[in-house]
Enquirer: 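Have a look at this one before I ask anything.
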There are 2 protein chains.
Amino acid sequence: MTQTAHPLPGTGDMLCFALYSANHAMTRLYRPLLQPLGLTYPQYLVLVALWAEDEKRVGALGAELGLDTNTLTPLLKRMAEAGLVTRSRSAEDERVVTVKLTDRGRSMQAEAERITGCVFAATGLSVAELSDLRDRINRLTEELEQHV
Amino acid sequence: MTQTAHPLPGTGDMLCFALYSANHAMTRLYRPLLQPLGLTYPQYLVLVALWAEDEKRVGALGAELGLDTNTLTPLLKRMAEAGLVTRSRSAEDERVVTVKLTDRGRSMQAEAERITGCVFAATGLSVAELSDLRDRINRLTEELEQHV
DNA sequence: GCTATCTGTATCGCACACGATATAAACGCT
DNA sequence: AGCGTTTATATCGTGTGCGATACAGATAGC
């Protein structure tokens with residue numbers, strides 16, 4: 001019933017470090033899988049977001065990925081240069097930039113399905129375990145975001 | 001019993017994105033707590049590692065935090081400039097650089113205990129729930145690191 | 001119609017994170 | 001002793017990630 005008794009936590013006991021390390025491990029797992037496609041991990045996340053629903057404005061992508069335009073604008077410019085997406089200003093509202101998949105960007109979804117399978121296998125989890133862990137982590141994220 | 005049926009996953013269904021977002025949420029929670037101390041989140045992790053055991057070589061810190069010297073060297077130089085640690089070459093092996101807490105760096109541990117409490121409260125979890133989630137995530141990390 | 005404000009995106013500077021490369025010290029083998 | 005290899009750290013370039021700021025277009029209020 002004591003609240004906390006952590007004399008010398010060390011990184012190993014910290015939830016935040018567990019998340020930090022797991023995120024690093026995940027990006028390191030994805031890196032060699034994405035490299036043949038010329039994609040970085042955040043760029044891959046942008047594609048995933050656009051595969052689910054194409055033609056999103058920069059702000060909507062940022063809200064979904066938790067990134068601001070200071071990160072997204074240069075990232076999207078690189079993806080546009082690579083021929084994965086197009087960036088076009090809206091006609092009715094000149095402030096808005098709409099991001100749209102190119103044929104090349106859309107065609108990468110097939111290859112990505114294979115990557116998803118590799119990653120799933122590497123987790124060593126069942127579908128149920130993976131879903132449960134993901135949901136717990138997502139609930140934690142929601143809780144943390146309320147205390148900013 | 002079907003293995004996978006994910007027609008349009010989207011970021012919301014992905015474990016990797018859950019980790020990505022949770023890690024971001026955690027760093028955003030820590031940021032305002034660490035800012036008064038002039039610390040970034042990775043710098044804070046270095047201090048935690050040194051509080052648990054002082055006088056570590058650069059390579060040992062890197063192994064613990066999962067970072068290479070290309071990240072650690074400039075980070076430790078900034079921490080040395082800020083008066084948190086010292087970097088000294090070993091006498092018996094000139095290749096080795098030992099990182100050691102200064103009095104100032106050591107004295108920050110007290111303040112950090114307060115931060116740990118804030119973060120724990122923000123998770124909305126019990127100690128048991130937190131430990132369980134942390135262990136699950138750590139097991140996932142171990143599993144992922146075997147498939148690099 | 002004019003201005004103040006808000007909104008959406010872009011820019012700048014700094015701090016990670018990492019692949020690739022460099023460099024010096026230590027070690028091993030003959 | 002000499003020399004190739006390994007080891008520990010450092011450097012460089014690119015790509016996020018974010019606080020602060022800038023700016024143009026849209027909106028509201030008068």
Side-chain angles (χ1 to χ4, degrees), chain A residues 17 20-32 34-47 56-82 84-85 87-99 148, chain B residues 17 20-32 34-46 56-63 65-82 84-85 87-99 148:
Chain A
F17 183 68
Y20 177 85
S21 298
N23 186 49
H24 280 186
M26 197 61 94
T27 66
R28 282 169 195 150
L29 177 67
Y30 268 103
R31 193 182 312 278
L34 293 174
Q35 189 161 1
L37 302 177
L39 288 174
T40 66
Y41 183 59
Q43 289 172 11
Y44 171 71
L45 292 179
V46 168
L47 285 187
K56 284 176 174 161
R57 51 174 63 184
V58 174
L61 271 174
E64 181 170 349
L65 302 179
L67 298 172
D68 207 343
T69 61
N70 47 11
T71 299
L72 275 178
T73 295
L75 189 155
L76 292 172
K77 281 186 176 178
R78 282 186 285 270
M79 293 182 72
E81 275 187 39
L84 301 168
V85 299
R87 299 164 61 251
S88 52
R89 292 232 166 239
S90 165
E92 66 258 11
D93 188 339
E94 289 275 340
R95 297 169 302 177
V96 173
V97 170
T98 303
V99 183
V148 181
Chain B
F17 183 67
Y20 178 84
S21 298
N23 185 49
H24 280 186
M26 197 61 94
T27 66
R28 281 168 197 151
L29 176 66
Y30 268 103
R31 194 183 310 280
L34 294 175
Q35 189 161 0
L37 302 178
L39 288 173
T40 66
Y41 183 60
Q43 288 173 13
Y44 171 72
L45 292 179
V46 168
K56 284 177 173 161
R57 50 173 64 185
V58 175
L61 272 174
L65 302 178
L67 298 172
D68 207 341
T69 61
N70 48 11
T71 299
L72 275 178
T73 295
L75 189 155
L76 293 171
K77 282 187 177 178
R78 280 187 288 270
M79 292 182 72
E81 274 187 38
L84 301 169
V85 300
R87 298 164 62 250
S88 53
R89 292 231 168 240
S90 165
E92 66 258 12
D93 188 341
E94 289 276 340
R95 296 170 303 179
V96 173
V97 170
T98 303
V99 183
V148 180

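Side chains are part of it too, since the values below use all heavy atoms of this structure and drop only hydrogens, waters and symmetry mates.
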Enquirer: Between A/Tyr20 and A/Asp68, which residue's closest nucleotide on DNA chain C lies nearer the 5′ terminus?
Expert: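 Result of the comparison: A/Asp68.
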Enquirer: Take the protein atom CG of B/Leu65 and the nucleotide atom P of C/dC18, then report the distance between them rounded to whole Å.
Expert: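 Going from B/Leu65 (CG) to C/dC18 (P), I get 11 Å.
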Enquirer: What's the closest nucleotide to the side chain of A/Arg95 if the choices are C/dC16, C/dC6, C/dG19?
Expert: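 Comparing C/dC16, C/dC6, C/dG19 against the side chain of A/Arg95, the answer is C/dC6.
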Enquirer: Below 3.5 Å is the cut-off: list the nitrogen or oxygen pairs between protein and nucleotides 2-4 of chain C, distance only.
Expert:
none

Enquirer: In whole Å, I'd like the distance from the OH atom of B/Tyr30 to the C1' atom of C/dA15.
Expert: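 About 19 Å, once rounded to whole Å.
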Enquirer: Counting any heavy atom closer than 4.0 Å, what does A/Leu67 reach on the DNA or RNA strands: base, sugar-phosphate only, or nothing?
Expert: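 If one applies the 4.0 Å heavy-atom cut-off, A/Leu67 turns out to touch the sugar-phosphate alone, with no base involved.
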Enquirer: Under the side-chain contact (heavy atoms from CB on, under 4.5 Å) rule, what do A/Leu47 and A/Gln43 come out as? Steps first, then yes or no, please.
Expert: CA-CA 6 Å; A/Leu47 285 187; A/Gln43 289 172 11; over 6 Å; no
Enquirer: Shortest non-hydrogen contact from A/Tyr41 to A/Met26?
Expert: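 Smallest interatomic distance, heavy atoms only, reads OH-CG, 4.3 Å.
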Enquirer: Looking only at side-chain atoms of B/Pro42, point me to the closest of C/dA25, C/dA10, C/dC16.
Expert: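 Among the listed nucleotides, the one closest to the side chain of B/Pro42 is C/dC16.
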Enquirer: Answer yes or no: is there a donor N or O on one side and an acceptor on the other, between the side chain of B/Arg57 and the main chain of B/Val99, under 3.5 Å?
Expert: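 No; judged by distance alone, with no hydrogens or angles, the pair does not exist.
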Enquirer: Taking 4.0 Å as the cut-off, does a side-chain nitrogen or oxygen of A/Arg57 come that near to OP1 or OP2 on C/dT7?
Expert: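 Answer no for this pair, as no side-chain N or O of A/Arg57 is under 4.0 Å from OP1 or OP2.
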Enquirer: Could you check if a side-chain atom of B/Leu84 sits within less than 4.5 angstrom of a side-chain atom of B/Leu39, using non-hydrogen atoms only?
Expert: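 Counting from C-beta outward, B/Leu84 and B/Leu39 do come under 4.5 Å.
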Enquirer: Please state how far atom CZ in B/Arg89 lies from atom C1' in C/dA24, giving the value in whole angstrom units.
Expert: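 To the nearest whole Å, that distance equals 8 Å.
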Enquirer: Check the distance between C/dT23's P and B/Glu94's CD and give it to me in whole angstrom.
Expert: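 So the CD-P distance, B/Glu94 to C/dT23, works out to 18 Å.
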Enquirer: Grab the two heavy atoms, one from A/Tyr20 and one from B/Asn23, that are nearest each other, plus how far apart they are.
Expert: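 Closest approach of A/Tyr20 to B/Asn23: CA-OD1, 3.5 Å.
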Enquirer: Can you tell me if A/Arg87 touches the phosphate of C/dA10, counting only side-chain N or O atoms and a distance under 4.0 Å to OP1 or OP2?
Expert: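 Checking A/Arg87 against C/dA10: at least one side-chain N or O falls below 4.0 Å of OP1 or OP2.
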Enquirer: Between CG of A/Leu75 and OG1 of A/Thr69, what distance do you get to the nearest 0.5 Å?
Expert: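 One finds 12.0 Å between CG of A/Leu75 and OG1 of A/Thr69.
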Enquirer: For C/dC18, does either OP1 or OP2 sit under 4.0 Å from a side-chain N or O belonging to A/Arg28?
Expert: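 So the side-chain polar atoms of A/Arg28 do come within 4.0 Å of the phosphate oxygens OP1 or OP2 of C/dC18, strictly under.
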Enquirer: Is A/Gln35 near enough to C/dG19 that one of its side-chain N or O atoms lies under 4.0 angstrom from OP1 or OP2?
Expert: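 So the side chain of A/Gln35 is outside the cut-off, no N or O lying under 4.0 Å from OP1 or OP2 of C/dG19.
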Enquirer: Rounded to whole angstroms, how far apart are CG on A/Leu29 and P on C/dC18?
Expert: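 Whole-Å distance recorded here is 13 Å.
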Enquirer: Less than 4.0 angstrom between a side-chain N/O of B/Thr71 and OP1 or OP2 of C/dA17, yes or no?
Expert: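 For C/dA17, OP1/OP2 do not have a side-chain N/O of B/Thr71 under 4.0 Å.
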Enquirer: Looking only at heavy atoms, what is the nearest atom pair of A/Arg87 and A/Ala80, with distance?
Expert: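 Taking every non-hydrogen atom into account, CD-CB, 4.2 Å.
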Enquirer: Send over the distance from B/Asn70 CG to C/dT21 C1', rounded to a whole Å.
Expert: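 Between C1' of C/dT21 and CG of B/Asn70: 11 Å.
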Enquirer: To the side chain of B/Asp93, which of C/dA15, C/dA20, C/dA26 is closest?
Expert: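 Comparing C/dA15, C/dA20, C/dA26 against the side chain of B/Asp93, the answer is C/dA26.
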Enquirer: If you look at every heavy atom in A/Arg95 and A/Arg89, which pair is closest and at what distance?
Expert: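 Result for this residue pair: O-NH1, 3.0 Å.
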Enquirer: From CG of A/Leu75 over to C1' of C/dA10, roughly how many Å is that when rounded to an integer?
Expert: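 So the two atoms are 14 Å apart, to the nearest Å.
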Enquirer: Return the 5'-most residue of the pair A/Glu92, A/Arg78 with respect to DNA chain D, ranking by each residue's nearest nucleotide.
Expert: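 Its nearest nucleotide being more 5', the pick is A/Arg78.
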Enquirer: First and last nucleotide of DNA chain D in contact with chain B, 5' to 3', at under 4.0 Å to a heavy atom: what are they?
Expert: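 Listing 5' to 3', DNA chain D meets chain B from D/dT7 to D/dG19.
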Enquirer: Describe the nucleic acid contact of A/Gly66 in one word from base, sugar-phosphate, nothing, applying a heavy-atom distance below 4.0 Å.
Expert: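 Contact class for A/Gly66: sugar-phosphate only.
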Enquirer: How would you label the contact of B/Thr69 with the nucleic acid (heavy atoms, under 4.0 Å): base, sugar-phosphate, or nothing?
Expert: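 Answer is base: heavy atoms of B/Thr69 come under 4.0 Å of a base.
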Enquirer: Closest approach of A/Leu72 and A/Leu61, non-hydrogen atoms and distance?
Expert: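 In terms of heavy atoms, the two residues are closest at CD1-C, 4.0 Å.
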Enquirer: Do the side-chain N or O atoms of A/Lys77 get closer than 4.0 angstrom to the phosphate oxygens (OP1, OP2) of C/dT11?
Expert: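 For C/dT11, OP1 or OP2 has a side-chain N or O of A/Lys77 closer than 4.0 Å.
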Enquirer: What nucleotide, of C/dC18, C/dC12, C/dC16, holds the atom closest to the side chain of A/His24?
Expert: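 Between C/dC18, C/dC12, C/dC16, the one nearest the side chain of A/His24 would be C/dC18.
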Enquirer: Determine the minimum heavy-atom distance between B/Ala91 and B/Glu94, stating which atoms define it.
Expert: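 Nearest heavy atoms, B/Ala91 then B/Glu94: O-OE2, 4.2 Å.
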